[in-house]
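Heads up: the structure comes next, in structure tokens.
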Amino acid sequence: MNKTEKQLLEQFLSSYNEDKRLAKYDIQSCIVWTEMLVKQGIVEKTKAKKVISKLKELQHKFDKIKINKTEDVHYVVETMLENLLGKDKLLSGIIRTGRSRNDLVVNDERLFLKDEIKEIIKLLKQVIVEILKLAEKNLDVIMCGMTHLQPAQPVLFSHYIMSFSWMFYRDIERLKDCLSRVDVSVLGSSAFSGTTLNIDRKEVAKKLGFSKVSTNSVDSVSDRDYVIEFISSCAILMMHLSRMMEEFILWLTPNFGYISLPPQLTTGSSIMPQKQNPDYLELTRGKTAVVYGSLVGILTLMKSLPLSYNRDMQEDKLFLNKTVDTVKECLQVVKIIIKNLKVNKEQMNKSVEHGFILATELANWLVTNLGIPFKSAHKIVSKIVEYCVKNQKNFIELEYEEIARTLNNKKFNKEKFLIMKKEVSVENVIMKTNTYGGTSLSRVKQQISELKNILKTDKK
Ligand code: ARG
């Protein structure tokens with residue numbers, strides 16, 4: 001075999017590019033493991049002391065040391081330890097006692113993921129706080145809510161935007177739930193069957209800050225569910241971000257003009273001078289694909305793998321890292337976007353003048369005031385809308401006779417017409433949509449305070 005081939009094979013085997021970020025956890029695990037070995041009388045205290053002191057040194061030096069042998073982070077840590085021990089280099093072998101890279105890599109990954117999940121939850125909370133601020137700043141803004149991307153019913157902007165905060169809150173719940181299954185120590189499962197040495201797995205787990213110890217060593221080294229669960233939670237999170245960005249992108253088009261962004265958050269076009277493109281929003285929307293890709297990747301990686309450990313699983317870090325980085329990056333960008341987004345109140349308020357977004361309320365009014373069954377009321381209002389479209393009129397411009405003709409109902413007199421005109425208004429509809437979780441101002445204020453309380457108790 002020539003040198004190039006050798007290099008190619010070495011490179012092929014290596015996961016160092018992806019797993020070097022586990023170094024801090026790997027070294028920490030080595031320290032705790034060695035301390036346990038001493039306590040259990042498996043290795044001599046004086047020898048272990050030397051190893052532990054060099055591992056502690058390595059904790060600070062790791063990033064500065066250059067190394068040639070880079071199969072994976074575990075070998076790198078071991079080799080660096082060897083070098084630091086100098087004449088005592090053989091002592092580095094102690095850290096291998098009773099454990100294997102198969103259980104070590106899972107523990108490292110779990111420690112890493114515990115930190116990252118907490119970080120992502122923190123970022124999600126920051127995004128929610130920005131949404132709350134935006135909602136509270138714009139409590140008086142009314143907008144045209146949509147279904148099928150068609151004008152549907154009037155809502156408070158604050159109500160509409162708060163819907164995203166609940167999505168993100170569910171993401172937090174999902175991640176916390178996932179965290180409970182990540183928070184399990186597998187160290188001591190060894191290659192896959194456990195070990196004949198008298199190790200203390202519980203002590204190691206406790207010292208590393210894990211709440212639980214895994215119960216089946218075969219499962220411990222074979223399982224990557226925690227990665228899959230994490231990435232699927234993140235896929236849902238990214239779906240939420242992409243929907244929010246899509247909404248903003250639409251609102252930013254001059255046709256909507258509901259919101260605007262400062263110049264630092266838009267980009268120009270090299271050919272069209274007038275352009276202010278929402279690239280940050282589009283990229284967030286686009287990066288969702290990266291996380292979805294990672295989810296499909298990890299599921300495919302694990303499908304049909306025989307028990308227990310297989311080298312295939314080394315590739316999991318590719319998907320895990322990509323997901324962690326993408327989600328964190330996007331959440332930080334989205335936070336900046338929400339913080340700097342300006343609501344064009346007039347334009348939003350104006351949006352309710354178009355279309356027939358009072359149609360449902362008009363039907364409701366016919367139900368409560370004239371006793372017409374809703375299905376018939378719906379039919380009547382459809383006809384009124386048809387008439388308006390034909391005659392290029394809006395509801396508010398209609399005369400008594402024009403409605404009465406379509407309605408053909410004796411109870412509907414001029415007096416009722418005037419009451420109807422007063423009652424079926426955008427402001428009134430919003431005020432009266434007072435069911436729990438509805439868009440009335442008091443209900444929106446209620447959900448804002450509910451979410452704030454949840455966040456507050458969450459902190460404790
Ligand atoms: N780098 C490997 C991984 O990430 C560590 C485990 C290697 N185990 C083995 N038996 N070759 O999966």
Side-chain angles (χ1 to χ4, degrees), residues 6-33 55 58 62 65 67-82 92-116 182 184-197 199 201 204 208 214 216-231 294-295 297-325:
K6 267 191 189 155
Q7 267 174 353
L8 180 115
L9 288 177
E10 213 171 276
Q11 193 57 39
F12 188 77
L13 207 61
S14 171
S15 55
Y16 191 55
N17 265 343
E18 296 296 335
D19 64 20
K20 57 175 159 242
R21 59 173 90 189
L22 300 179
K24 148 177 161 196
Y25 305 104
D26 201 86
I27 300 167
Q28 191 189 356
S29 295
C30 289
I31 293 172
V32 169
W33 189 253
L55 281 167
L58 192 55
F62 184 84
I65 305 177
I67 202 145
N68 290 331
K69 219 176 132 197
T70 57
E71 181 177 324
D72 62 21
V73 65
H74 324 291
Y75 272 151
V76 168
V77 166
E78 214 179 288
T79 315
M80 284 183 180
L81 176 65
E82 234 174 70
S92 71
I94 283 176
I95 60 170
R96 284 203 194 179
T97 320
R99 56 150 230 215
S100 122
R101 279 187 298 159
N102 297 358
D103 56 348
L104 181 59
V105 70
V106 175
N107 243 47
D108 288 358
E109 219 173 43
R110 286 176 178 272
L111 283 171
F112 162 75
L113 198 46
K114 272 177 70 177
D115 279 352
E116 292 301 338
V182 174
V184 181
S185 177
V186 304
L187 214 55
S189 301
S190 210
F192 77 98
S193 64
T195 173
T196 53
L197 297 172
I199 56 163
R201 291 190 59 205
V204 170
L208 288 174
S214 64
N216 181 309
S217 60
V218 178
D219 181 41
S220 301
V221 299
S222 315
D223 168 38
R224 293 294 182 277
D225 290 4
Y226 59 99
V227 182
I228 300 176
E229 271 191 56
F230 168 72
I231 300 181
S294 299
L295 179 58
I298 184 83
L299 284 168
T300 315
L301 182 73
M302 296 308 291
K303 183 191 172 290
S304 313
L305 269 193
L307 302 177
S308 58
Y309 176 82
N310 299 274
R311 194 63 181 258
D312 313 42
M313 292 194 264
Q314 173 166 290
E315 296 294 305
D316 69 344
K317 284 152 218 82
L318 224 77
F319 306 121
L320 180 58
N321 292 343
K322 204 76 200 141
T323 302
V324 164
D325 294 346

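Hydrogens, waters and symmetry mates are skipped; everything else that's a heavy atom, side chains included, is used. Note that the structure is a prediction, hence the values are computed from the model and not measured. In each ligand, atom 1 is the first atom listed, and ligand 1 is the first ligand listed.
At least one heavy atom of K317 lies less than 4.0 angstrom from ligand 1.
Residue-ligand proximity, S15 to ligand 1, at heavy-atom distances under 4.0 Å covers atoms 1 (N). Of all atoms in ligand 1, listed by their number and element, those nearer than 4.0 Å to a heavy atom of R311 are 11 (N).
Of all the listed residues (D72, N102, V106, D103), N102 holds the heavy atom that lies closest to atom 9 (C) of ligand 1.
For atom 2 (C) of ligand 1, the closest non-hydrogen atom of the protein is Q314 OE1, 3.2 Å. From the protein, the heavy atom lying nearest to atom 12 (O) of ligand 1 is Y309 OH, 2.5 Å.
With S217 contributing its side chain and F192 its backbone, the two residues share a donor-acceptor pair below 3.5 Å.
Under the 3.5 Å distance criterion, with hydrogens and angles disregarded, a donor-acceptor pair is assigned to the side chains of S220 and S214.
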Without placing hydrogens or testing angles, list every side-chain donor-acceptor pair under 3.5 Å for residues 303-310, not counting sequence neighbours.
| residue | atom | partner | partner atom | Å |
| --- | --- | --- | --- | --- |
| N310 | ND2 | P306 | O | 2.6 |
| N310 | ND2 | S308 | O | 3.2 |

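A salt bridge is defined here as a Lys NZ or Arg NE, NH1 or NH2 lying under 4.0 Å from an Asp or Glu carboxylate O, and R21 with D325 meets this definition. Ion pairing between a basic and an acidic side chain is recognised when a charged N comes within 4.0 Å of a carboxylate O; R110 and D223 show such pairing. Under a 4.0 Å N-O distance rule, the pair R101/E71 qualifies as a salt bridge.
Backbone and side-chain nitrogen or oxygen atoms of R101 are examined, and one is located within less than 3.5 angstrom of a nitrogen or oxygen of ligand 1.
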